[in-house]
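Keep in mind that what you see is a predicted model, and the values were worked out from it rather than measured. Counting starts at 1 for both ligands and their atoms, following the listed order.
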Amino acid sequence: MKKRIIIDTDPGVDDALTFLLALASPEIQLEALTTVQGNVTLEKATRNALSVLEMAHAAHIPVARGCSHPLVKSPHASGEAVHGSSGMGHTDLPDPTSSIVETHAIDYLIERFLAEPKQISLFAIGPLTNVALAIRKEPRIVEAIQELVIMGGAIRSGGNVSPLAEFNIHEDPHAAHVVFHSGIPITLIPLDATYKCLLTSADVERLNKIDSPIARFVRDATAQYMEFYLKYEGFKGCALHDPLTLATIIAPELLTLEEHYVSVDISGGVSTGKTYADFMKVAKKPANMKVALDVKGREFVELFVERMERLMSLRGA
Ligand code: RIB
Ligand code: CA
């Protein structure tokens with residue numbers, strides 16, 4: 001039985017790679033995308049979502065546009081340094097011919113989950129603004145979402161947008177606080193695991209042995225991302241942050257998951273957006289999520305490359 005999922009997303013290069021991995025995986029049925037401001041503006045994120053689905057021959061998948069600003073803080077300058085001014089690196093995807101659904105992402109999420117309770121999972125790979133407002137507007141979705149898998153946070157790891165905080169959570173820490181304490185069954189995929197999943201230029205060259213727009217997209221989308229990682233993080237490659245969330249479906253054996261009480265600092269100081277797990281159980285609160293504290297990173301990257309090759313063969317390259 002395929003796992004039916006909706007992805008809430010701020011595409012972003014690694015977001016786009018997640019869409020492709022979902023489309024390439026027989027275990028998954030991608031039901032819809034909902035877009036949110038994050039790596040780029042909401043307008044760019046929504047355009048990118050439509051364009052990548054079209055490039056992958058999946059324009060039939062609905063896209064609903066969501067929130068353009070975090071709940072409280074101002075939007076991040078932008079993720080252009082990592083994802084390029086378009087949000088899609090050095091790619092040059094044509095403007096999409098398909099349109100978004102008219103329903104706002106918050107209402108779209110509420111409608112879909114209430115219509116089929118416990119049948120669909122939500123994968124949140126951008127700031128949690130849409131998810132938090134959907135919970136506040138219609139608390140019943142807490143019981144209707146089968147599972148919420150979040151790419152976000154830094155537990156024992158340092159941050160990537162501040163010394164302590166990871167981008168998605170730091171971008172809307174108040175939304176993360178609402179979601180973390182909502183009662184939804186959550187699996188958190190933090191930097192502790194995602195930084196161990198480095199797609200290398202050799203992996204990209206292997207894909208480009210196949211003459212395909214998908215291989216070229218992966219090459220051009222990741223080129224700037226890899227330049228950023230070499231310049232600022234000192235290693236050749238780029239982390240498959242968002243795609244790793246799908247390992248919960250396609251390769252759960254690669255993840256080391258532990259149940260912990262996890263929260264996020266919203267105090268407004270230097271550690272705002274920092275996620276922390278109560279390893280010593282001093283807060284005496286029940287665990288509110290499963291957390292991926294480790295992963296067999298290279299195995300996951302190999303699986304990602306194999307699935308891209310599979311997608312290209314399915315699409316006739
Ligand atoms: O910190 C990594 C996360 O921030 C990923 O979701 C990436 O797309 C950016 O949004
Ligand atoms: Ca993202």
Visitor: Answer with side chain, backbone, both or neither: which part of Thr194 has a heavy atom less than 4.0 angstrom from an atom of ligand 1?
Guide: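 Neither; no heavy atom under 4.0 Å.
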Visitor: Please determine whether a side-chain nitrogen of the Lys or Arg among Arg156 and Asp294 lies less than 4.0 Å from a carboxylate oxygen of the Asp or Glu.
Guide: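 Answer for the salt bridge query: no.
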Visitor: Which ligand 1 atoms are under 4.0 Å away from a heavy-atom of His241?
Guide: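 So the answer, numbered in order with elements, is 2 (C).
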Visitor: Does Asp242 reach the main-chain N or O of Asp15 with its side chain, forming a donor-acceptor pair under 3.5 Å?
Guide: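 The answer is yes, because a donor-acceptor pair under 3.5 Å joins these two groups.
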Visitor: Which of the atoms of ligand 1 are close to Ile125, meaning less than 4.0 Å from one of its heavy atoms?
Guide: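 Reading through ligand 1 atom by atom, the close ones are 6 (O).
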Visitor: What atoms of ligand 1 come within less than 4.0 Å of a heavy atom belonging to Phe167?
Guide: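 Those atoms are 1 (O), 4 (O), 9 (C), 10 (O).
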Visitor: Is the backbone of Cys67 close enough, under 3.5 Å, to the side chain of Asn130 for a donor and an acceptor to pair up by distance?
Guide: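 Yes: the side chain of Asn130 pairs with the backbone of Cys67.
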Visitor: Do Glu227 and Lys231 meet the salt-bridge criterion of a basic N to acidic O distance under 4.0 Å?
Guide: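 Between Glu227 and Lys231 there is no salt bridge, as every charged N stays at least 4.0 Å from the carboxylate O atoms.
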Visitor: At less than 4.0 angstrom from any non-hydrogen atom of Asp242, what atoms of ligand 1 do you find?
Guide: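 So the atoms of ligand 1 that pass are 5 (C), 6 (O), 7 (C), 8 (O).
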Visitor: Can you tell me which portion of Asp15 lies within the under-4.0 Å heavy-atom range of ligand 1? Options are side chain, backbone, both, or neither.
Guide: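 Within the 4.0 Å criterion, Asp15 contacts ligand 1 through side-chain atoms alone.
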Visitor: Which of the atoms of ligand 1 are close to Met151, meaning less than 4.0 Å from one of its heavy atoms?
Guide: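 Counting from 1, the qualifying ligand atoms are 2 (C), 3 (C), 5 (C), 6 (O).
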Visitor: Should you measure from each heavy atom of Asp10, which atoms of ligand 1 turn up under 4.0 Å away?
Guide: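 Numbered from 1, ligand 1 contributes 10 (O).
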Visitor: What protein N/O/S atoms sit under 3.0 Å from the Ca ion (ligand 2), by chain and number?
Guide: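 Asp10 OD1, Asp15 OD1, Asp15 OD2, Ile125 O, Asp242 OD2, with waters left out.
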Visitor: Relative to the heavy atoms of Glu166, which atoms of ligand 1 are at a distance of less than 4.0 Å?
Guide: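 Answer, ordered by atom number: 1 (O), 2 (C), 3 (C), 4 (O).
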